[in-house]
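Beneath this line is the structure, given in structure tokens, with notes to follow.
Just follow the structure's listing: the first ligand is 1, and inside any ligand the first atom is 1. Note that this is a predicted model, so its numbers are computed, not measured.
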Amino acid sequence: MPSHPDDVAIVYRNLQKYVGWSDFDARVIKELRGEIQPYFQAMIDDFYQTINDHDFTRCIITGGEDQISRLKGTLYQWLDSLFSGPYGAEFAWSRWRVGIRHVEIGLHQAYAIAAMGRLRFSINEAICALGKEQRVDAAAAIGSINKLLDIDLALIDLAYQRKAMEQLHVAAQEKVQQAERLASIGQMVTGLAHESRNALQRSQASLEALLLDIEDRPDALAQARHIQVALDHLHMLYEEVRSYAAPIVLEREEIDAEKLINLVWENLKPSWSQFQTQVEFHYRGLAPCIINVDRYRMIQVLTNLFQNAIEAAGAQGKIRCTVTCHGNSQVEVAIEDDGPGIADGVAKKIFEPFFTTKSKGTGLGLAIAQRIMEAHNGKISVSRGELGGARFSFQLN
Ligand code: ADP
């Protein structure tokens with residue numbers, strides 16, 4: 001992809017050869033210059049009128065009339081140099097810069113091409129008018145100018161491609177940096193979780209013994225129970241960290257999706273008994289819906305999605321689970337709720353490890369769910385659901 005004047009000059013020469021550009025064309029266009037110049041202003045006015053007539057292009061001009069008159073001046077120079085040449089390295093570089101500018105101002109490539117088409121039309125129309133008055137050889141002039149415009153268009157296209165490649169490069173670099181950062185955080189946290197596990201187990205055992213000793217002291221017992229809840233939470237956190245860090249090795253088996261989902265929901269119910277969550281299950285497509293998955297891992301995913309949905313929906317909330325079974329282990333499971341949904345800007349982050357908006361969250365549930373789905377060659381995504389809250393869905397193929 002060219003970025004240096006010498007590279008651009010080479011590309012330009014190659015494009016000239018490709019369209020069959022010759023000294024004859026250069027001569028034809030130079031002769032045309034004096035005749036066509038009086039038409040420039042009308043072409044420029046038509047060009048900016050078209051931009052102004054369309055929402056998609058109008059928004060690019062933010063500086064009002066001042067900017068338009070500056071841009072008109074630039075377009076005049078562009079047209080003038082188009083007909084002046086010489087069509088060598090310097091010309092190639094200036095045309096390439098124009099292509100880059102199109103990209104920089106954020107004009108969509110389709111509109112850059114359409115805008116060029118508009119100018120081409122005005123130029124051809126002017127040449128036809130001159131031809132009718134026998135002031136130029138219209139056939140020769142149209143042939144030569146179109147070759148020149150085609151080369152310009154090819155350069156604009158290259159400028160867009162270069163920008164796209166740069167963006168891909170930056171995104172790839174960001175991904176690598178992010179992965180490195182997460183890997184080092186992950187290593188540290190996993191080590192910490194491992195080291196602390198034994199200490200945690202000892203604390204839990206001692207606490208159990210203490211609870212028996214203070215059975216007759218309600219105040220102390222209440223305090224000790226708080227410690228127990230905190231230790232359980234810590235234990236859960238360690239298990240999630242370990243689960244996230246550990247490699248996923250699947251033990252697949254044929255499972256009835258409906259039975260599995262019902263089991264997960266029934267197991268969850270006691271922990272949310274204080275909630276009056278309404279739940280609907282919809283099963284569509286083939287029945288029974290047999291899927292080839294790792295039972296334990298699927299339970300982990302479903303438990304996390306249901307738990308998040310219950311929390312989001314709140315005490316009187318609604319949850320809908322829809323299973324669409326296509327056969328051959330192909331299934332889509334969607335769990336949606338009527339909670340607040342996912343705020344814009346947050347959606348991108350929720351699958352990142354340790355991202356949480358909850359005071360007691362680990363931010364690992366969805367990251368683990370995503371890893372599990374990927375291990376199954378499936379995918380998990382989030383959108384806004386029909387109940388007004390979040391809709392998490394995963395597909396297995
Ligand atoms: P945790 O539940 O520990 O925070 P998760 O990885 O399961 O970790 O979820 C990450 C974040 O995604 C949550 O903190 C919450 O902000 C958001 N989230 C997950 N499920 C829902 C949901 N059903 N509705 C709204 N937000 C959700």
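A side-chain donor from one of S84 and R33 sits under 3.5 Å from a side-chain acceptor of the other.
Looking at H376, its side chain never comes within 3.5 Å of a backbone N or O of G378 through a donor-acceptor pair.
Comment: E104 does not engage K163 in a salt bridge, judged by the lack of any side-chain N to carboxylate O separation of less than 4.0 angstrom. With salt bridges taken as basic N to acidic carboxylate O contacts below 4.0 Å, none links R162 and D157. Salt-bridge annotation for K318 and D337: absent, with no side-chain N of the basic residue lying under 4.0 Å from a carboxylate O of the acidic one. R252 has no carboxylate O lying under 4.0 Å from a charged side-chain N of D294, or vice versa, which leaves the two without a salt bridge. Using a 4.0 Å cut-off between charged nitrogen and carboxylate oxygen, E374 and K379 do not count as a salt-bridge pair. Salt bridge present: D45 and K72 bring a charged side-chain N and a carboxylate O closer than 4.0 Å.
The shortest contact between atom 23 (N) of ligand 1 and any protein heavy atom is with D337 OD2, 2.8 Å. Atom 10 (C) of ligand 1 has as its closest protein heavy atom F355 O, 3.4 Å. Nearest to atom 8 (O) of ligand 1 among the protein's heavy atoms is G363 CA, 3.3 Å. Of the protein's heavy atoms, K358 NZ, 2.7 Å lies nearest to atom 2 (O) of ligand 1. Annotation: atom 4 (O) of ligand 1 to nearest protein heavy atom, T356 OG1, 2.5 Å.
Here is the list of ligand 1 atoms found below 4.0 Å of a heavy atom in N304: 7 (O). Per-residue contacts place A390 under 4.0 angstrom from the following atoms of ligand 1 (heavy atoms of the residue considered): 22 (C), 23 (N), 24 (N). The ligand atoms of ligand 1 that sit less than 4.0 angstrom from a heavy atom of T362 are 3 (O). Interface atoms of ligand 1 facing G361, defined by a heavy-atom separation under 4.0 Å, are 3 (O).
Taking all heavy atoms of N308, V382, I342, I350 into account, the minimum distance to atom 27 (C) of ligand 1 is reached by I342. Counting only non-hydrogen atoms, the option in D338, I335, L366 that gets closest to atom 9 (O) of ligand 1 is L366.
Contact annotation for F392 and ligand 1: only side-chain heavy atoms (C-beta onward) come within less than 4.0 Å of the ligand. If you look at V346 next to ligand 1, there are no close heavy atoms at all, none under 4.0 Å. With a 4.0 Å heavy-atom cut-off, ligand 1 is reached by no atom of L305. At a heavy-atom cutoff of 4.0 Å, ligand 1 is contacted by both the backbone and the side chain of T357.
At least one heavy atom of G341 sits less than 4.0 Å from an atom of ligand 1. The shell of residues lying under 4.0 angstrom from ligand 1, judged by heavy atoms, excludes G339.
Checked against a 3.5 angstrom limit, the closest N/O atoms of A312 and ligand 1 fall outside it.
Residues F121 and F47 place their aromatic rings such that the two centres sit no closer than 6.0 Å.
Relative ring orientation between F83 and F40 is described as tilted, the plane-to-plane angle lying within the 30° to 60° band.
K269 pairs by the salt bridge (charged side-chain N to carboxylate O under 4.0 Å, His left out) definition with E266, not counting sequence neighbours.
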